[in-house]
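Contents: one structure, followed by commentary.
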Amino acid sequence: MENNLGPADNRGVRKAALSWRGLVPLFSLVLLLLPALDASAWRIQYAEQFYKLYHEHLYHYPDDTMEDIYYLEQALKADFANPLYALAPIKDKTEWERYRDLFRMHVNLKLIAAYLTLGSKYDKVNAYFYNYPWKQQNLDSLALAEKAYRVAYGYWAEAQEWSQKAWALRDVHLEAIEEWEDENVRIQDGDLDYKDTIDRTLAHLASVRDQFQKMGPGTY
């Protein structure tokens, strides 16, 4: 199954400040973030290479999260490297198939987490009465958060499909990526259910937005 979600900036999600135009950083911005290396020494073309550039940040600033989203989305689009350079030892075609299914499942899960993190930067925990002077700004921010959260739904559907494919080969054990196998088990058992998480997050956002919409001069 191919990833058909497209880059984040094509799905109507944009940032709120500094005239930001998309959740995924522009290519020029990414180049500025990367080390200034010789082009031949910094040729990135395979899924594993993009995945290795992804790293979770201690402090989740929007630009950091968007950088991670960029690398993860590129990892889903790119071809896999030769099995010799896989992130786990591969002995035969069956292991190779399971590895690729688990990789795509895992990357989709990371993208869900990244979009939820990004959305949380624009979300509001509460709507306090003294926020009324900035009512519209808060509503705009909530709209951005909702778009980010809804993008995560698409990646959850993708993760489930790849999980199902990987589950068909569950008798094949790849010790080096045991964490991914655990994710596979949790999805199939229903213990890991991002739809429930996204649903609850959106329900809370809708409640806060309703409180902002009801604000007026008489409530301040």
Side-chain angles (χ1 to χ4, degrees), residues 1-15 22-25 47-48 50-51 53-57 60 62 64-78 80 87 97-125 141-170 174 177-209:
M1 185 184 71
E2 297 297 327
N3 171 48
N4 296 317
L5 289 172
D9 53 348
N10 289 336
R11 294 193 294 278
V13 186
R14 61 183 179 82
K15 295 170 69 178
L23 291 177
V24 177
E48 289 88 349
F50 282 110
Y51 178 75
L53 290 174
Y54 154 80
H55 57 286
E56 294 184 359
H57 299 271
H60 294 281
D64 294 330
T65 303
M66 290 194 302
E67 180 187 356
D68 281 344
I69 287 173
Y70 174 82
Y71 291 137
L72 291 169
E73 289 187 335
Q74 293 305 307
L76 286 181
K77 295 176 185 177
F80 285 94
L87 302 179
E97 181 179 357
R98 178 160 167 78
Y99 164 80
R100 287 178 293 168
D101 292 342
L102 286 171
F103 179 95
R104 289 174 174 136
M105 177 206 72
H106 176 71
V107 171
N108 274 288
L109 291 177
K110 290 296 186 183
L111 276 162
I112 295 167
Y115 273 105
L116 290 177
T117 297
L118 187 58
S120 71
K121 298 305 177 184
Y122 305 107
D123 206 345
K124 305 296 175 184
V125 177
S141 185
L142 287 170
L144 289 173
E146 181 178 4
K147 287 181 179 180
Y149 292 150
R150 290 195 179 280
V151 170
Y153 274 129
Y155 286 114
W156 174 236
E158 293 269 328
Q160 287 179 294
E161 292 195 40
W162 288 113
S163 177
Q164 188 62 45
K165 291 177 181 292
W167 190 247
L169 298 172
R170 58 188 175 277
L174 301 174
I177 52 174
E178 196 170 35
E179 174 192 349
W180 303 0
E181 293 183 333
D182 290 343
E183 291 173 342
N184 188 205
V185 173
R186 293 180 62 206
I187 290 174
Q188 297 306 127
D189 287 349
D191 180 52
L192 179 56
D193 184 357
Y194 266 116
K195 181 180 183 302
D196 181 63
T197 300
I198 301 168
D199 285 347
R200 286 187 285 105
T201 302
L202 284 170
H204 178 264
L205 183 148
S207 175
V208 173
R209 179 168 53 203

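As a basis for the values below, the full set of heavy atoms in this structure was taken, side chains included, without hydrogen atoms, waters or symmetry mates.
Counting heavy atoms from C-beta outward, Thr197 and Trp156 have side chains that stay 4.5 Å or more apart. Considering only heavy atoms from C-beta on, Leu111 comes within 4.5 Å of Leu76 through its side chain. At a threshold of 4.5 Å between non-hydrogen side-chain atoms, the residues Gln188 and Arg170 do not count as touching.
Counting all heavy atoms, side chain and backbone alike, Ser141 lies closest to Tyr122 at OG-O, 2.6 Å. Nearest heavy atoms, Leu142 versus Leu205: O-CD1, 3.6 Å. The nearest pair of heavy atoms linking Asn108 to Ala159 is CB-CB, 3.8 Å. Summarising the geometry of Ala78 relative to Ala47, their closest heavy-atom pair is CB-N, 3.6 Å, with the distance given to 0.1 Å.
Expressed to the nearest 0.5 Å, how far CD of Glu67 lies from CG of Leu72 amounts to 10.5 Å. To the nearest 0.5 Å, the span separating CG on Leu87 from CG on Leu102 amounts to 11.5 Å. To the nearest 0.5 Å, the span separating NZ on Lys165 from CD on Glu97 amounts to 8.5 Å. Annotation: the span from Asp189 atom CG to Trp167 atom CH2 amounts to 6.0 Å, rounded to 0.5 Å. To the nearest 0.5 Å, the span separating OH on Tyr155 from NZ on Lys110 amounts to 15.5 Å. Between the CD atom in Glu183 and the CD1 atom in Ile177 there is a gap of 10.0 Å [rounded to 0.5 Å].
With hydrogens and angles ignored, the 3.5 Å screen pairs a side-chain donor or acceptor of Glu181 with a backbone N or O of Leu174. The backbone N or O of Ser163 sits less than 3.5 Å from a side-chain atom of Asn184, completing a donor-acceptor pair.
Qualifying ring pair (Phe, Tyr, Trp, His ring centres under 6.0 Å) partners for Phe103, counting only residues two or more places apart in sequence or in other chains: Tyr51, Phe80, Trp180.
Judged by distance alone, the side chains of Tyr153 and Asp199 do bring a donor and an acceptor atom under 3.5 Å apart.
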request  = Show your reasoning for whether side chain to side chain contact (heavy atoms under 4.5 Å, CB included) applies to Arg104 and Glu161.
outcome  = CA-CA 10 Å; Arg104 289 174 174 136; Glu161 292 195 40; over 6 Å; no
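Partner of Leu118 under the side-chain contact (heavy atoms from CB on, under 4.5 Å) criterion, out of Asp68, Asp123, Leu144, Thr65: Thr65 alone.
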